[in-house]
Amino acid sequence: MCGIVGYVGGRPCRDLLIAGLEKLEYRGYDSAGLSLLEDGRIESVRAVGNLSNLRAAVADTEDRGAVAVAEAEATIGLAHTRWATHGRVTEENAHPHSDEEGEVHIVLNGIVENHSELRRELITEGHEFSSETDAEIVAHLIEKHYDGDLTGAVRDAFAELRGHYAFVAMHVEHPGTLVGARNECPLVLGIGEGETFLASAIPAFLKETRDVMRIDNGEIVTIDADGAIVTSADGEPRDRETEHVTWDEDEAERGGYSTFMLKEIHEQPDAVAETITDRLPELDAIDLSELELTPEEVRDLNRIIIVACGTSYHAGLVGRYAIETWARISVEMDVASEYRYRDPVVGPGDLVIGITQSGETADTLAAMRLARERGAHVLAITNVMGSQATQDADSVLFTRAGLEIGVAATKTFTSQVAAIYLLAGWLAQSRGTIEPDRMAELIAEMKALPRKIDETTDALDPQVKAIARSHYQGRFFFYLGRHIGLPICLEGALKMKEISYIPSDAYAAGEMKHGPIALLDETTPVVVVATESPVLEKVLSNMAEVRARGADVIAIATEGSVDVAETADQTLFVPRTDWILQPILAVIPLQLLAYHTARCLGLNVDQPRNLAKTVTVE
Ligand code: G6P
């Protein structure tokens with residue numbers, strides 16, 4: 001979730017670029033940098049940490065002989081905030097990146113999947129790299145294809161890349177031109193009077209211009225001070241109108257959504273794609289070489305213990321089904337605040353997985369430390385580079401959801417679930433408990449998840465809104481599920497409590513008859529997760545029992561499930577996928593239900609009431 005800002009025009013742009021980066025800070029980053037072109041040379045300044053570190057580095061540049069940066073007169077430049085994916089958080093890995101001669105500079109968001117093979121080819125051809133990033137490859141590729149035509153060189157480089165990314169390039173021989181390209185990650189132009197901005201999001205330039213031009217997937221754009229030429233990847237011209245945005249700055253930070261929570265719900269396809277894409281480099285194999293587990297350790301594992309809090313705990317519950325089914329290792333689950341105090345039996349041969357999006361939740365950290373002291377291998381699944389969990393673990397698997405501002409965990413949850421699917425598949429492949437054909441099927445389904453998440457969100461948002469309007473005055477929401485559907489019910493009920501403050505409970509549907517059924521009457525909305533699973537028939541019987549009490553059943557079903565639709569009062573269909581992967585889609589209507597219910601009640605979903613987003617280390 002990095003940020004891009006580029007400028008070409010008549011004004012000195014150094015401070016405009018840094019101001020643009022400030023407006024993208026909400027996306028999260030761990031390092032930043034900029035490049036300016038003046039008098040036939042390009043100078044770069046990069047710094048680890050926040051923008052005040054970049055500003056300090058800029059202030060120091062005169063001593064380092066970077067005149068253009070120090071004098072701030074350049075009128076063309078690029079800037080970037082990086083959230084590390086490939087390579088550690090270092091100045092060398094921060095963007096912009098360039099070729100050896102420093103003639104081409106680029107900034108890139110997203111991931112180039114085929115970076116290893118391209119890097120190998122380029123090294124054979126004599127290129128030398130100065131960073132560990134996938135992004136640097138793009139600068140070298142453009143240099144390789146360059147014969148005086150920058151747009152042509154970008155087009156040729158673009159044709160060789162796989163993955164999801166957006167990048168912008170600047171060349172020393174073209175002091176009035178920037179060229180951008182987009183594949184999945186956003187890129188947008190701001191058209192001013194005699195100046196043009198190119199950025200990953202509108203807030204970067206909203207203070208300067210409100211005339212915006214969007215770049216679509218597979219398009220290449222060449223900008224100068226007078227505007228832009230947009231073409232397809234093979235050079236066909238594309239007509240593009242400018243739109244005038246009327247958003248205020250707050251709205252712009254929310255990408256035009258009314259709240260951060262809704263924006264983050266809509267960012268889930270991207271967050272999941274960032275988490276999985278480059279770890280699925282082949283059709284039938286998962287690459288988690290970042291983990292410090294040897295094949296022997298994986299083969300000899302006794303069991304897995306997952307510890308986590310809140311939403312992260314629910315992600316672990318989903319993961320348990322995938323790990324046990326695919327890798328055939330027994331998985332125990334515990335909430336970290338219980339585990340740490342119960343003198344657990346744990347030691348060598350156990351893999352303890354701590355899931356924490358922030359990497360700073362005190363109970364989870366304490367549980368991980370305890371397990372490590374007793375000799376278990378501790379793996380952290382976290383969203384934050386450099387967080388405490390990354391220091392306290394033997395191995396780290398990063399989710400790549402970007403910064404989450406809304407108090408409710410949404411995109412961090414789906415990214416955690418995606419990361420655990422990868423882990424489960426990798427364990428299965430390493431232990432030989434899954435056939436290659438089955439692995440290939442699962443990988444194809446995993447790759448389709450971002451698209452299906454997107455379809456689910458778009459299709460269900462209006463339907464869920466209508467359901468929320470009919471039920472927001474309810475005193476109590478009940479969630480029922482079995483098997484793989486149960487963790488999603490727990491997560492749905494948690495979201496409802498956390499965001500709309502309506503009492504809600506989630507129950508294993510088979511347990512309903514042992515007491516909770518007494519709670520149900522015609523005033524109770526009952527949300528049932530009834531997606532494809534080995535226990536769907538049993539869930540259908542539970543739905544019939546609920547309806548017999550007069551309660552209103554809102555079912556989440558796999559598309560085409562006629563039986564569910566016939567049994568429920570209302571059915572929200574999610575796309576079909578492998579049944580173990582179904583929860584990542586089923587949670588979306590439950591996130592939306594909590595969201596719209598809270599909005600019907602006029603609540604501010606982005607602000608915590610009694611909750612802290614991050615529970616810091618004690
Ligand atoms: C807080 C948040 C929850 C989150 C939990 C665990 O309670 O409100 O949304 O799930 O902490 O956070 P972690 O950062 O460890 O995933």
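In listed order, ligands and their atoms are each counted from 1.
- Glu455 is linked by a side-chain hydrogen bond (donor to acceptor under 3.5 Å, both in side chains) to Arg451, counting only residues two or more places apart in sequence or in another chain.
- Side-chain atoms of Thr81 come within 3.5 Å of backbone atoms of Gly3 as a donor-acceptor pair (strictly under, hydrogens ignored).
- Looking at Thr524, its side chain never comes within 3.5 Å of a backbone N or O of Val526 through a donor-acceptor pair.
- The shortest N or O to N or O distance between Thr364 and ligand 1 is not under 3.5 Å.
- Proximity to Thr311 (heavy-atom distance under 4.0 Å) selects the following atoms of ligand 1: 10 (O).
- A salt bridge does not link Glu404 to Lys411: none of the charged side-chain nitrogens sits closer than 4.0 Å to a carboxylate oxygen.
- Near Ser312, meaning under 4.0 Å from one of its heavy atoms, ligand 1 places the atoms 10 (O), 13 (P), 16 (O).
- The pair Lys263-Glu267 counts as a salt bridge, with a side-chain nitrogen and a carboxylate oxygen less than 4.0 angstrom apart.
- Nearest to atom 14 (O) of ligand 1 by heavy atom, out of Ser387, Ala408, Ser358, is Ser358.
- For Ser395, the side-chain hydrogen bond (donor to acceptor under 3.5 Å, both in side chains) test picks out His377, with sequence neighbours left out.
- Close contacts of ligand 1 with Gln357, meaning ligand atoms under 4.0 Å from a residue heavy atom, involve 13 (P), 14 (O), 15 (O), 16 (O).
- Residue Glu498 touches ligand 1 through its side chain alone, judged by heavy-atom distances below 4.0 Å.
- The closest non-hydrogen atom to atom 15 (O) of ligand 1, taken over Thr361, Val407, Val384, comes from Thr361.
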